[in-house]
Trainee: 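There's a structure below that I have some questions on.
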Amino acid sequence: MTLSRRTLLTGLGLTAGGVGLGLTHSTASAAADPTAGWTQTPFTFNVQKPHDLAVGDRYTHTADGEHHLWVYDTDKPHTPTSATDPRTEMRWHQEYTAGQHMWDGDVHLVAGTHGATFVQILRVQRPEGTPATDFMLNAYNEAGGTVKAYSGKVIKTGMYNKWFNVKIAHNATTGTVQVWFDNVLVHTDTDRGPATRHFKNGVYHHGTGRAESRFRNLTYWTR
């Protein structure tokens, strides 16, 4: 299978983005493209999974560049002492406190996934008493697969078992979060204040049963 240009640029495996080509989208290339004027930036990640399982028990990276991540509501947390919900997530290593940063990828939500976060901005260092996340997109078993901002605003319905593109741009200087589905702006939000944060994608499971999400063409943009 011929890989897309973005997949070739970001690389394969657990060192995705390691090529480091530093390409910049021309603003003249596509007026409607949310990445116009942004620079493609290398990224790396590790897979977080139930602590008693091997990575391969909950994650695969296919020959054509797809990342498949799944977890069950009965799985154990990421570490033995953690009280968090079960997860299988790609934890991006690139952390930031200011500037503009964008997560970009094609997403496939497997039918039945209910109550799972499939992409988020996590606040790893933050003032005491402030929230752990700046933003989350969650999948619910409603109306053929409903995507919500956290558990509140409905972004889209009928999203199970098909590929769609998601872009989340975070201006950590101004505190603005913008979300595009298939290059259409669908949501604008604000972050939770100063912090050191990073992107994560996969399934962080707050719901029931089996949760699975798949990703391809993952790209990190900055400006």
Side-chain angles (χ1 to χ4, degrees), residues 7 10-17 43-62 64-79 82-95 101-124 132-141 145-151 155-156 159-168 170 177 179 181 197-220:
T7 298
T10 52
L12 297 176
L14 298 185
T15 56
F43 73 97
T44 56
F45 65 92
N46 65 282
V47 176
Q48 297 181 341
K49 42 72 181 178
H51 68 81
D52 60 333
L53 299 176
V55 170
D57 293 331
R58 293 291 182 268
Y59 165 84
T60 60
H61 186 217
T62 68
D64 55 355
E66 294 181 10
H67 304 270
H68 296 191
L69 303 98
W70 64 97
V71 76
Y72 295 85
D73 61 350
T74 54
D75 279 342
K76 294 182 179 179
H78 174 52
T79 62
S82 175
T84 58
D85 292 324
R87 76 184 73 179
T88 307
E89 293 182 292
M90 298 166 61
R91 192 274 199 211
W92 291 31
H93 295 154
Q94 286 61 46
E95 297 183 350
H101 305 260
M102 183 189 293
W103 185 97
D104 177 7
D106 299 330
V107 179
H108 178 108
L109 301 173
V110 175
T113 298
H114 179 69
T117 300
F118 63 92
V119 63
Q120 62 176 303
I121 305 171
L122 187 70
R123 297 158 55 85
V124 286
T133 60
D134 279 315
F135 186 73
M136 283 182 169
L137 285 177
N138 294 341
Y140 295 91
N141 192 16
T146 296
V147 175
K148 298 181 181 181
Y150 288 97
S151 58
I155 304 296
K156 286 281 186 177
M159 303 307 287
Y160 278 158
N161 293 343
K162 64 182 180 182
W163 287 100
F164 58 100
N165 179 261
V166 177
K167 293 179 175 69
I168 300 176
H170 182 202
V177 177
V179 183
F181 278 22
R197 62 268 284 184
H198 61 80
F199 293 112
K200 301 183 79 177
N201 59 275
V203 274
Y204 179 36
H205 199 14
H206 320 288
T208 56
R210 186 183 192 274
E212 180 177 350
S213 59
R214 302 172 184 175
F215 304 88
R216 66 187 183 191
N217 296 326
L218 290 172
T219 310
Y220 181 38

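In this text, all values refer to a predicted model and were calculated from it rather than measured experimentally.
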Trainee: Would Q120 and Y204 count as a side chain to side chain contact (heavy atoms under 4.5 Å, CB included) here? Give the steps.
Mentor: CA-CA 9 Å; Q120 62 176 303; Y204 179 36; 3.9 Å; yes

Trainee: If you draw the axis of the six-membered ring of Y59, does the NZ or CZ of K49 fall within 45° of it and under 6.0 Å from the ring centre?
Mentor: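 Not satisfied by the 6.0 Å and 45° rule.
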
Trainee: Could you pull out the closest heavy-atom pair between V177 and H170, with the gap in Å?
Mentor: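 Here V177 and H170 meet closest at CG2-CD2, 3.8 Å.
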
Trainee: Salt bridge check, R58 against D75: does any charged N sit closer than 4.0 Å to a carboxylate O?
Mentor: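 Here D75 pairs with R58 in a salt bridge, since their nearest N and O are under 4.0 Å apart.
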
Trainee: Could you check if a side-chain atom of H67 sits within less than 4.5 angstrom of a side-chain atom of L218, using non-hydrogen atoms only?
Mentor: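 A side-chain contact exists here, since the closest heavy-atom pair is under 4.5 Å.
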
Trainee: In Å and rounded to the nearest 0.5 Å, what is the NE2 to CH2 distance from H205 to W70?
Mentor: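 It is 14.5 Å, given to the nearest 0.5 Å.
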
Trainee: Test side chain to side chain contact (heavy atoms under 4.5 Å, CB included) on W103 and V166; report intermediate values, then the result.
Mentor: CA-CA 8 Å; W103 185 97; V166 177; 3.9 Å; yes

Trainee: Is a donor on one side and an acceptor on the other found under 3.5 Å between the side chain of H68 and the backbone of T60?
Mentor: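 Absent.
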
Trainee: Roughly how far, to the nearest 0.5 Å, is CZ of R91 from NE2 of H93?
Mentor: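 Rounded to the nearest 0.5 Å, the NE2-CZ separation comes to 6.5 Å.
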
Trainee: Taking the side chain as every heavy atom from C-beta outward, state whether T113 and S213 have any pair of such atoms under 4.5 Å apart.
Mentor: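 The answer is no; the side chains never approach within 4.5 Å.
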
Trainee: Report the distance from atom CE of M90 to atom OG1 of T44, rounding to the nearest 0.5 Å.
Mentor: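 Output value for this atom pair is 10.5 Å.
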
Trainee: Taking the side chain as C-beta and beyond, is there a heavy-atom pair between W163 and E66 under 4.5 Å?
Mentor: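 Side chain of W163 against side chain of E66, heavy atoms only: contact under 4.5 Å found.
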
Trainee: Do V119 and F135 touch side chain to side chain, with heavy atoms closer than 4.5 Å?
Mentor: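 The answer is no, as the side chains (C-beta and beyond) never meet within the 4.5 Å cut-off.
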
Trainee: Going from CG on D104 to OG1 on T219, what distance comes out if it is rounded to the nearest 0.5 angstrom?
Mentor: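 Going from the CG atom of D104 to the OG1 atom of T219 covers 5.0 Å.
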
Trainee: Do H108 and R216 have side chains that approach each other closer than 4.5 Å (heavy atoms only, starting at C-beta)?
Mentor: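 H108 does not reach R216 side chain to side chain.
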
Trainee: Does a side-chain N-to-carboxylate-O contact under 4.0 Å join K200 and E89?
Mentor: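 Looking at E89 together with K200, the answer is yes, because their closest N to O distance falls below 4.0 Å.
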
Trainee: How far does CZ of R87 sit from CG of L69, to the nearest 0.5 angstrom?
Mentor: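 Answer for the CZ-CG pair, R87 versus L69, is 12.5 Å.
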
Trainee: Is Y140 close to S151 at the side-chain level, that is, under 4.5 Å between some pair of heavy atoms?
Mentor: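 They are in contact (side-chain heavy atoms under 4.5 Å apart), so the answer is yes.
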
Trainee: Show the nearest heavy-atom pair for residues N161 and V110, with the distance to one decimal.
Mentor: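 So the two residues come closest at OD1-CA, 3.6 Å.
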
Trainee: Looking at Y220, F45, F215, which hits ring pair (Phe, Tyr, Trp, His ring centres under 6.0 Å) with W92?
Mentor: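 Testing W92 for a ring pair (Phe, Tyr, Trp, His ring centres under 6.0 Å) against Y220, F45, F215 leaves exactly one candidate, Y220.
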
Trainee: Testing the basics here: between A116 and V203, what is the closest heavy-atom pair and its distance to 0.1 Å?
Mentor: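 What the structure gives for the nearest pair is CB-CG1, 4.1 Å.
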
Trainee: Could you tell me whether the side chain of V124 reaches within less than 4.5 Å of the side chain of E95, counting heavy atoms only?
Mentor: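 Sidechains of V124 and E95: in contact.
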
Trainee: Please check this pair: side chain of N201 against backbone of F118, looking for a donor-acceptor N/O pair closer than 3.5 Å.
Mentor: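 Side chain of N201 to backbone of F118: no pair is present.
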
Trainee: With no hydrogens and no angle check, just 3.5 Å: does a side-chain donor-acceptor pair link T117 and N138?
Mentor: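 A donor-acceptor contact under 3.5 Å links the two side chains.
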
Trainee: How about NZ on K76, more than 12 heavy atoms from neighbouring residues, nucleotides or ligands closer than 6.0 Å, or not?
Mentor: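 Open.
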
Trainee: Do you know which two heavy atoms are closest between A139 and L109, and how far apart they sit?
Mentor: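 Answer, listing the atom of A139 first, then L109: CB-CD1, 3.9 Å.
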
Trainee: Starting at CE of M102, measure out to CZ of F199 and round the result to the nearest 0.5 Å.
Mentor: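 One finds 8.5 Å between CE of M102 and CZ of F199.
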
Trainee: Of the non-hydrogen atoms in P86 and V71, which two are nearest, and what is the gap between them?
Mentor: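 Nearest heavy atoms, P86 then V71: CB-CG2, 3.8 Å.
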
Trainee: Between I168 and L137, is the side chain to side chain contact (heavy atoms under 4.5 Å, CB included) condition met? List the steps.
Mentor: CA-CA 10 Å; I168 300 176; L137 285 177; 4.0 Å; yes

